[in-house]
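In what follows, a single structure is set out as structure tokens and then discussed.
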Amino acid sequence: MTKKLKHDILKCYLTTKLTPKQKLVLVGYLQKTGQIPPLTTVGQLLNIDLDQAEEFVQDLTLPAMIEMSEWILADHPFITIADKNYPTQLREIYMPPLLLFYQGDLELLQTPIVSMVGSRRYTSYGQVAVRQLIPPLVAQGITVCSGLAQGIDGLVHRTTIGCHGKTIAVIGTGLDRYYPPANKSLQQLLAKKGLVLSEYLPQASPLRWHFPHRNRIIAGLSQATVVVEAGQKSGSLITANISPKYTIILCVKFRRIQGLKTPIYQHFYEI
């Protein structure tokens with residue numbers, strides 16, 4: 001991919017003049033032609049009038065846009081949906097990310113990946129489940145993906161590293177932010193020994209809606225998804241509900257634990 005194409009895709013990502021769906025359509029055109037279309041084609045392609053098309057094209061040339069895109073290109077590595085090393089399976093999800101900022105080993109995206117997610121407040125059962133499930137995955141050369149959240153996610157990453165395995169974290173902030181703050185040292189370790197990904201700009205805060213959005217990436221990267229203890233309306237089950245479209249679901253059945261309010265999900269496998 002040429003530097004110009006990468007720059008143009010970045011500007012499409014940055015613009016506020018288009019919806020996410022319109023951005024994907026435009027990037028598809030860019031991949032085929034290598035250039036931003038003329039005004040009339042922009043309007044036809046995106047189903048917008050000429051005034052809106054002109055606003056978008058002008059936005060790409062504003063000094064603030066040029067400054068921001070050059071700052072990102074200089075200091076913040078990312079891959080785009082047009083790059084060869086962008087995971088094929090991730091392209092197939094609903095609204096795939098236009099680009100992913102990264103720290104660490106991008107080659108992990110080309111390995112077999114299993115995602116493992118779960119409750120922020122896990123029990124001793126969840127802890128045992130993670131410690132039983134991860135060593136066989138690592139032994140088979142499978143990379144384990146999770147969300148670096150408090151609870152099961154953090155345990156998954158630490159256990160994988162402890163087994164000398166490879167792990168990917170998909171986070172809901174900019175790569176220079178640490179959320180929760182208690183996982184700062186873990187995130188820094190993953191950036192050196194694994195891979196940390198985000199679709200959000202550097203300095204992006206942990207906004208609430210970021211986390212269900214990042215769950216689609218966790219599911220989309222993986223060939224299988226394991227859920228270890230999850231509330232009925234939790235983000236972990238959002239990930240599981242996305243997964244059937246393009247992964248095999250391997251879930252962990254809840255056991256009756258004193259104080260656990262969530263019911264047993266009969267379709268989960270028990271370990």
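Remark: Pro135 engages Cys163 in a side-chain contact (heavy atoms from CB on, under 4.5 Å) (not counting sequence neighbours). The ring pair (Phe, Tyr, Trp, His ring centres under 6.0 Å) check on Tyr86 picks up nothing, with sequence neighbours excluded. With sequence neighbours excluded, the residues that form a side-chain contact (heavy atoms from CB on, under 4.5 Å) with Tyr200 are Ser198, Ala204, Trp209, His210, His213.
A heavy-atom distance below 4.5 Å is not found between the side chains of Asp59 and Leu18. Counting only heavy atoms from C-beta outward, the side chains of Phe211 and Pro206 approach each other to under 4.5 Å. With contacts defined as side-chain heavy-atom distances shorter than 4.5 Å, the pair Ile81/Leu24 qualifies. The shortest side-chain heavy-atom distance between Thr15 and Phe56 falls under the 4.5 Å cut-off. Side chains of Gln187 and Ile171 form a contact here, defined as non-hydrogen atoms less than 4.5 Å apart. No side-chain heavy atom of Ile79 sits under 4.5 Å from any side-chain heavy atom of Lys84. A 4.5 Å side-chain heavy-atom check between Gln223 and Gln89 finds at least one atom pair inside the cut-off. A heavy-atom distance below 4.5 Å is found between the side chains of Lys184 and Gln188.
Once rounded to the nearest 0.5 Å, the distance linking CD1 of Ile66 with CG of Leu60 reads 9.5 Å. Taken from NZ in Lys193 to NE2 in His164, the straight-line distance is 8.5 Å, to the nearest 0.5 Å. Rounding to the nearest 0.5 Å places CG of Leu14 at 12.0 Å from CG of Leu62. With rounding to the nearest 0.5 angstrom, the CG atom of Leu133 is 10.5 Å from the OG1 atom of Thr159. The NZ atom of Lys166 sits 15.0 Å away from atom SG of Cys145, with the distance rounded to the nearest 0.5 Å. Rounding to the nearest 0.5 angstrom, the gap separating the OG1 atom in Thr160 from the CD1 atom in Ile142 is 11.0 Å.
No donor-acceptor pair closer than 3.5 Å links the side chain of Arg120 to the backbone N or O of Gln150. The main-chain N or O of Phe78 is found under 3.5 Å from a side-chain atom of Lys6 such that the two form a donor-acceptor pair. A donor-acceptor pair is defined here as one N or O able to donate and one able to accept, closer than 3.5 Å; such a pair exists between the side chain of Thr61 and the backbone of Gln58. A donor-acceptor distance shorter than 3.5 angstrom exists from the side chain of Thr167 to the backbone of Val144, with no hydrogens or angles considered. The backbone N or O of Gly194 sits nowhere less than 3.5 Å from a side-chain atom of Asp105 that would complete a donor-acceptor pair. Judged by distance alone, the side chain of Ser222 and the main-chain N or O of Thr225 form no donor-acceptor pair under 3.5 Å. Without hydrogens or angle criteria, Tyr179 side chain to Leu148 main chain gives no donor-acceptor distance under 3.5 Å.
Contact between Leu26 and Cys12 at its shortest, heavy atoms only, is CD2-SG, 3.5 Å. When all heavy atoms are compared, the tightest approach of Thr173 to Ser205 is CG2-C, 4.1 Å. Between Ala82 and Ile9, the closest heavy-atom pair is CB-CD1, 3.7 Å. Closest of all the heavy-atom pairs between Leu221 and Leu109 is CD2-CD2, 3.9 Å. Minimum interatomic distance between Val170 and Arg214 (heavy atoms only, all atoms of both residues): O-NH1, 3.3 Å. Pairing each heavy atom of Leu175 with each of Gln103, the nearest pair is CD1-CG, 3.7 Å.
Applying the side chain to side chain donor-acceptor pair (under 3.5 Å) rule to pairs touching residues 133-149 yields Thr111-Thr143, Ser146-Asp153, sequence neighbours excluded. Screening residues 64-82 for side chain to side chain donor-acceptor pair (under 3.5 Å), with sequence neighbours left out, gives His7-Ser69, Thr80-Asp83.
Shown here is Arg121, whose CZ atom has no more than 12 heavy atoms of other residues, nucleotides or ligands within 6.0 Å. For Gln110, the CD atom sits in a packed shell: over 12 heavy atoms of surrounding residues, nucleotides or ligands are nearer than 6.0 Å.
Note: the hydrophobic cluster containing Leu201 also contains Met95 (ILVMFWY, side chain heavy atoms under 4.5 Å, direct or indirect links). The hydrophobic cluster containing Tyr178 does not contain Tyr102, counting ILVMFWY residues as joined when their side-chain heavy atoms lie under 4.5 angstrom apart, directly or transitively. Under the 4.5 Å side-chain heavy-atom criterion for grouping Ile, Leu, Val, Met, Phe, Trp and Tyr, Leu207 is not connected to Ile218 through any hydrophobic cluster.
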Q: In sequence, state the C-alpha distance, the side-chain angles, and the governing distance for Val117 and Val228, and then conclude on side-chain contact (heavy atoms from CB on, under 4.5 Å).
A: CA-CA 6 Å; Val117 294; Val228 181; over 6 Å; no
Q) Could you go step by step and tell me if Glu54 and Val57 meet the side-chain contact (heavy atoms from CB on, under 4.5 Å) rule? A) CA-CA 5 Å; Glu54 189 172 5; Val57 173; 5.8 Å; no
Q: Under the side-chain contact (heavy atoms from CB on, under 4.5 Å) rule, what do Tyr94 and Arg216 come out as? Steps first, then yes or no, please.
A: CA-CA 8 Å; Tyr94 177 72; Arg216 81 192 195 287; over 6 Å; no
(Q) Before you tell me yes or no, could you show the steps for Leu195 and Leu190 under side-chain contact (heavy atoms from CB on, under 4.5 Å), namely the whole-Å CA-CA distance, both residues' side-chain angles and the distance that decides it to 0.1 Å? (A) CA-CA 6 Å; Leu195 178 64; Leu190 294 182; over 6 Å; no
Extract all donor-acceptor atom pairs below 3.5 Å that involve side chains of residues 35-50 and protein atoms in other chains or at least two apart in sequence.
from, atom 1, to, atom 2, distance (Å)
Asp49, OD1, Asp51, N, 3.2
Asp49, OD1, Gln52, N, 2.8

